[in-house]
Amino acid sequence: MISAIHSINILLPFFYLLTLVVYFYDFIKGEKKLINIKRVFLFITLFLHLVYIVLRTVTFDHPPITNVFEIFTILAITISFSYFLVELVSDIRGTGPFIIVLSLIFQLISSLFIQDLVQVKDVLRSNLLGIHVISALLGYSGFTISAVYGFLYLVLYKDIKLNKFGLIFNRLPNLEVLERLSLYSALIGFIALTIGIVIGIIWLPMAFPKFSFLDPKLIGTGLVWLLYGIGITSKVVGQWRGKRLVLLSISGFVVAIISTILSNFLAQSFHSFY
Amino acid sequence: MNLLAISINHRTAPVELREALFLKEDEARSFIKLAKENLLKEGLILSTCNRTEIFGVPAGSELSHQKIQELLLRFKPAQNITEEHFQKYLSRDAVKHLFSVATGIDSLLVGDNQVFKQVKDSFQISEETDFAGYLMRRIFDSAIRAGKRAISETKISDGAVTVSYAAVQLTEKIFYNLSKKTALIIGAGETGEIAAKHLVGKGIGKLAVTNRTHEKAEKLAEELRAKVVSFSDFKEAIFNYDIIISATSSPEILISKDDVKKAIKKRNNQPFILMDIAVPRDIDPESKRLDYVFYHDLDSLNVIVEQNLTKRKAEIPKVEKIIEEELNNFWEWYNSLRAAPAIKDLRDLFEKIRNEEVGKNKNKFSSDDQEKLEIVTKRIINKILHHPTTELRKNDNESGSSEATTKIGIIRDLFGLGSKKDSDKE
């Protein structure tokens, strides 16, 4: 079983790379016949990834959510799976390569550094931890996808304003759709992160004696939550839209990345397990 | 095949000469009557702003483009038209030319699919005036098939190739659903009218028109079920519209950057599309520097048009391949109209039926009678086929004549003989 896990761990970045190549080729060529082929590639990759996660969970007796590199593999699959659903439901083409490349990066880092952890701290076997981590991951996946759509919005916005009618102009969906996709992804991410934070506030003081609200990860997450909260509220009350809104989404994503790096690798946190 | 075609088109003659020979529908009908009386047995007249073309099968044995030309010029006298303004086609080349026209690769705007509809309309006129014979019907079917295949199998008609349409297509890259958007057309001239019609075709939610001459705006608004905005007040109203298309002949700027700034403020930063397709320009080009304002003028829209035309031109080899395939199919069918293969196919069919029936029933006869049964049934078949065979052979001596091909074609259709290609498929 372990050798199967190791093999899939090596194969997964290649599968994501292959899927990315097919999506990118379709982006360049725009051939109708490639629509189904690329979806098949993504489906096979996602299926293999799911098998990998199930095998890891069964073999190591815990879901792969106990350290950064386990979490990266979950992020990779949730990002691509979310995109898969978006593509199926909305039939929006042309944005795939920009999202799948993130899954490739997350999975590549995970595949390079992940270890076979059989022994994990007891505190990490809690059911509440499972819900807490999965909610937070869904939140960050939503923010990641929102940031990608926000970035694509900015690129297309600039291209249209500067009369650049190239590949980006021809392949991407229109600005309103990109703004909407960015907003909805952020909204889903915000709701999921809110659930993660609420559970965290209940569970963390019980699980960790050293718990502190001044912990860098908690402050970082709070800041991200606040940024998205402001953006979504502004949109709902009709103040912000378009460029300003997507800029906020991208800022939120950057803050989220910086906060994760700082709290996991640099700062001393009770909330870091690697 | 004795099909002739003459064409005066955008490549051979300037617009004033093409206009001089343009045949309106009633004129086309009258010309067909004249052609039938004097020269042609069957044919097709295609007349658009870019071309007037006559396809026809001569009633007699003489094949002369000159006579068709003379007939046209007698019907529609025009100055300064010379021999060089006409292209002439014969037989396979004439069919190929019609296919090229129907697929849009011969159009001034490559891939223009309006000509496809015009070919259909022309054929309709031929049908209604009894000018469409057996051969023309088949040519028309093949031309339509080639046209449909070109549209569905290639990108020959993709993208906007006129400035007005490019302006409308660009709005679709900004807004998701035009049915929830509003648009104001400034200038009810031809360009404004075309842009307005494109917007209506794309399902624009609300449309308004303004024009210096109020009556002209009212006329266009009535036609498109749009609202009329007074020209003296329209600047104050522009913030109400998501899309502004301006196409007036005003010598000065009508909408300043300040007007746009005020509008965008009132719009609470909702995207504001300004399409200035006027020469000289109607909207201050500096407006493009404002956030949430998408300003485009003729130059930028022409970039889209040029790009799309280049893409369409790159599709021409694919369309030519389709034309060649359809031409070969047509030619195979046409060749099957020769007498010898048709007689053979007809005899084979009858022999097959005879064999099957004799095979099924011969056990009901004694062995002596079975031999007689073979002889008698063969004799019946020979007698039935004697007259049609003689008639077809007689016609074969006038091979290529329209009457011969029509007879053979009818026999093939009636007995389901098909062409060689059809039987291969089966």
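In what follows, chains carry the letters A, B, and so on, assigned in the order in which the sequence lines appear, proteins first and then strands, with residues in each chain numbered from 1. Remember, it's a predicted structure, so these values are computed and weren't measured experimentally.
In this view, A:R171 satisfies the side chain to side chain donor-acceptor pair (under 3.5 Å) rule with no residue, not counting sequence neighbours.
A salt bridge links A:E176 and B:K181; the closest N-O separation between the charged side-chain nitrogens and carboxylate oxygens is under 4.0 Å.
Counted within 6.0 Å of CZ on B:F239, heavy atoms from surrounding residues, nucleotides or ligands total more than 12; the atom is thus considered enclosed. For CD of B:Q114, the number of neighbouring non-hydrogen atoms (other residues, nucleotides, ligands) closer than 6.0 Å is 12 at most. Within 6.0 Å of atom NZ in B:K155, more than 12 heavy atoms from other residues, nucleotides or ligands are found, so the atom counts as buried in its surroundings.
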Test log, rule side chain to side chain contact (heavy atoms under 4.5 Å, CB included), inputs B:L170 and A:F169: CA-CA 10 Å; B:L170 188 52; A:F169 176 80; 3.4 Å; yes
Pair B:K311-A:N170, side chain to side chain contact (heavy atoms under 4.5 Å, CB included): steps then yes or no: CA-CA 12 Å; B:K311 280 184 207 158; A:N170 287 319; 3.3 Å; yes
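Put simply, CG on B:N269 and CG on A:L245 are 12.0 Å apart, with the number rounded to the nearest 0.5 Å. Interatomic distance, B:F175 CZ to A:L175 CG, rounded to the nearest 0.5 Å: 9.0 Å.
Listed by sequence position, the residues of residues 243-261 of chain B in contact with chain A number zero, using a 4.5 angstrom heavy-atom cutoff. Residues of residues 274-297 of chain B lying within less than 4.5 angstrom of chain A, judged on heavy atoms, are B:K288, B:R289, B:L290, B:D291, B:Y292, B:V293, B:F294, B:H296 in numerical order.
Scanning all heavy atoms of the two residues, the minimum distance from B:I174 to A:N174 falls at N-CB, 3.8 Å.
Pairs of residues two or more places apart, or lying in two chains, that qualify as salt bridge (charged side-chain N to carboxylate O under 4.0 Å, His left out) and include a residue from residues 101-116 of chain B are B:R11-B:D106, B:R51-B:D106.
Heavy atoms closer than 4.5 Å to chain B are found in the side chain of A:L156, but not in its backbone. B:Q307 touches chain A through its side chain: at least one heavy atom from C-beta onward sits under 4.5 Å away, while N, CA, C and O do not.
Of the listed residues (B:D299, B:N177, B:I304), the one with the most heavy-atom contacts under 4.5 Å to chain A is B:I304.
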